[in-house]
**Q** 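Pasting in a structure now, in structure tokens, and then I'll have a few things to ask.
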Amino acid sequence: MSRAALLVLADGRFPAGGHAHSGGAEAAVKAGRITGAADLADFCRGRLHTAGLVSASLAAGAALGLDPVELDGAADARTPSPALRVAARKLGRQLMRAGRATWPSAELDALAGRFPKGAHQPVVLGVVARAAGLEPEDAAYCSLYECVSGPASAVVRLLSLDPFDATGVLAGLAPELDVVAGRAVEAGRCAVEGGVGVLPAGGAPLLEIGAEAHAAWAVRLFAS
């Protein structure tokens, strides 16, 4: 494994399309649920332990070699919102383009052929991690970091929040991110034995509702 490959994959400048998505933060800001750093911390913590755990478990499972087609079906079943399913596949398609250009592999080629419009982003992330020679833990950490760093970056733009405060939120969540990453990898290992049905399926109803409302806006800064 190359630690540099992990840094490349986790870098916010990696051209995977995440900069265009707020992770639900734009809808939360408009609804008044995020007004500053403290609210942002609560929002990110909620994402981390619900949608974040689900996504990181899918990514870890893919990095462990679970069937990505089965994992994609599991991701669909765990994403009630049509708007979020569309966003996840768009992000997956963009990540696939970046991953194939950076770490070419037959496994990525096969997944791209199976899902020409994009597989779910966490599934693609896990397969890209495998192609880069990374471990399931790395895939889980990448997924979880994106889960919280995306909203933090978006809120800096949406509220003109001090970037130092946003970075402080991310640093404060680090111990919890470690815990959730461990849970995600353990879930992925259990799925190797018990099938994808045993992966976490925690829900985040406000994220789902907010995504559907956000998708109907005539004017928005972020794609999701």
Side-chain angles (χ1 to χ4, degrees), residues 6 9-12 16 18-61 74-75 78-81 83-85 87-88 91 120-122 125-126 136-188 199-214 221-224:
L6 173 58
L9 185 56
D11 192 334
H19 66 280
H21 296 258
S22 77
E26 186 167 23
V29 167
K30 184 172 183 179
R33 291 193 292 272
I34 300 178
T35 60
D39 295 332
L40 174 62
D42 289 341
F43 178 84
C44 289
R45 182 173 291 109
R47 276 185 58 83
L48 188 64
H49 289 277
T50 54
L53 173 60
V54 171
S55 294
S57 300
L58 290 163
R78 288 159 173 75
T79 312
S81 163
L84 286 183
R85 290 198 294 271
L91 284 167
H120 276 263
Q121 192 266 0
L125 175 60
E137 291 82 0
D138 299 312
Y141 269 101
C142 282
S143 181
L144 290 170
Y145 182 69
E146 181 180 31
C147 166
V148 294
S149 64
S153 176
V155 169
V156 169
R157 296 170 64 184
L158 291 163
L159 292 179
S160 297
L161 183 70
D162 189 329
F164 292 101
D165 290 339
T167 302
V169 167
L170 297 179
L173 289 171
E176 290 178 69
L177 195 149
D178 289 338
V179 171
V180 177
R183 291 175 59 195
V185 174
E186 180 59 27
L199 291 171
L206 280 178
L207 285 178
E208 303 280 348
I209 294 168
E212 290 303 305
H214 183 270
L221 184 60
F222 292 93
S224 71

**Q** Measure from the side-chain N and O atoms of S143 to the backbone N and O of A139, and report whether any donor-acceptor pair falls under 3.5 Å.
**A** no
**Q** State which residues pass salt bridge (Lys or Arg N to Asp or Glu O under 4.0 Å) with D11; sequence neighbours excluded, sorted by chain then number.
**A**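 If we apply the salt bridge (Lys or Arg N to Asp or Glu O under 4.0 Å) test to D11, skipping adjacent residues, the hits are R13.
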**Q** Minimum heavy-atom separation for P122 to L58, with atom names?
**A** CB-CB, 4.0 Å
**Q** To the nearest 0.5 Å, tell me how far D165 CG sits from L170 CG.
**A**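 Atom-to-atom, D165:CG and L170:CG are 11.5 Å apart.
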**Q** Look up atom CG in L207 and atom OG in S224, then write down how far apart they are to the nearest 0.5 Å.
**A**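 Nearest 0.5 Å value for the CG-OG distance: 10.5 Å.
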**Q** Heavy atoms only: give me the nearest G18-E146 pair and the separation to one decimal.
**A** CA-OE2, 4.3 Å
**Q** So, taking the atom named CG in L48 and the one named SG in C147, what distance separates them when rounded to the nearest 0.5 Å?
**A**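 Rounded to the nearest 0.5 Å, the CG-SG separation comes out at 5.5 Å.
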**Q** Please report the closest heavy-atom contact between P151 and F43, naming both atoms and the distance.
**A** CB-CE2, 3.8 Å
**Q** Salt bridge (Lys or Arg N to Asp or Glu O under 4.0 Å) with R183: which residues, sequence neighbours excluded?
**A** none
**Q** Listing request: all salt bridge (Lys or Arg N to Asp or Glu O under 4.0 Å) pairs with a residue in residues 36-60, at least two apart in sequence or in separate chains.
**A**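 Of all non-adjacent pairs touching residues 36-60, those that pass salt bridge (Lys or Arg N to Asp or Glu O under 4.0 Å) are D42-R45, R45-E176.
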**Q** Measuring from H214:NE2 to L84:CG, what's the distance to the nearest 0.5 Å?
**A**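 Spacing of NE2 (H214) from CG (L84) equals 10.5 Å.
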**Q** State, to 0.1 Å, how close A204 and T50 come at their nearest heavy-atom pair, and which atoms those are.
**A**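 Residues A204 and T50, closest heavy atoms: CB-OG1, 3.6 Å.
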**Q** Using every non-hydrogen atom in the two residues, find where L199 and A187 come nearest and quote the distance to one decimal.
**A** CD2-O, 3.6 Å
**Q** State whether the number of non-hydrogen atoms from other residues, nucleotides or ligands found under 6.0 Å of F222 atom CZ is greater than 12.
**A**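 For F222, atom CZ is crowded (more than 12 foreign heavy atoms under 6.0 Å).
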**Q** Does E137 reach the main-chain N or O of A181 with its side chain, forming a donor-acceptor pair under 3.5 Å?
**A**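 Such a contact is absent between E137 side chain and A181 backbone.
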**Q** Taking all atoms of both residues into account, what is the closest heavy-atom pair of L173 and C44, and its distance?
**A** CD1-CB, 3.5 Å
**Q** Nearest 0.5 Å please: distance from the CG atom of L144 over to the OH atom of Y141.
**A**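 One gets 8.5 Å once the value is rounded to the nearest 0.5 Å.
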**Q** Do L9 and L125 touch side chain to side chain, with heavy atoms closer than 4.5 Å?
**A** yes
**Q** Just grab all the salt bridge (Lys or Arg N to Asp or Glu O under 4.0 Å) pairs involving residues 18-38, residues at least two apart or on different chains.
**A** none
**Q** Just jot down the salt bridge (Lys or Arg N to Asp or Glu O under 4.0 Å) partners of D178, sequence neighbours excluded, or say none.
**A** none
**Q** Can you tell me how far the CD atom of Q121 sits from the OG atom of S55, to the nearest 0.5 Å?
**A**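 Spacing of CD (Q121) from OG (S55) equals 7.0 Å.
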**Q** Tell me every residue that passes salt bridge (Lys or Arg N to Asp or Glu O under 4.0 Å) with E208, counting only those two or more places apart in sequence or in another chain.
**A** none
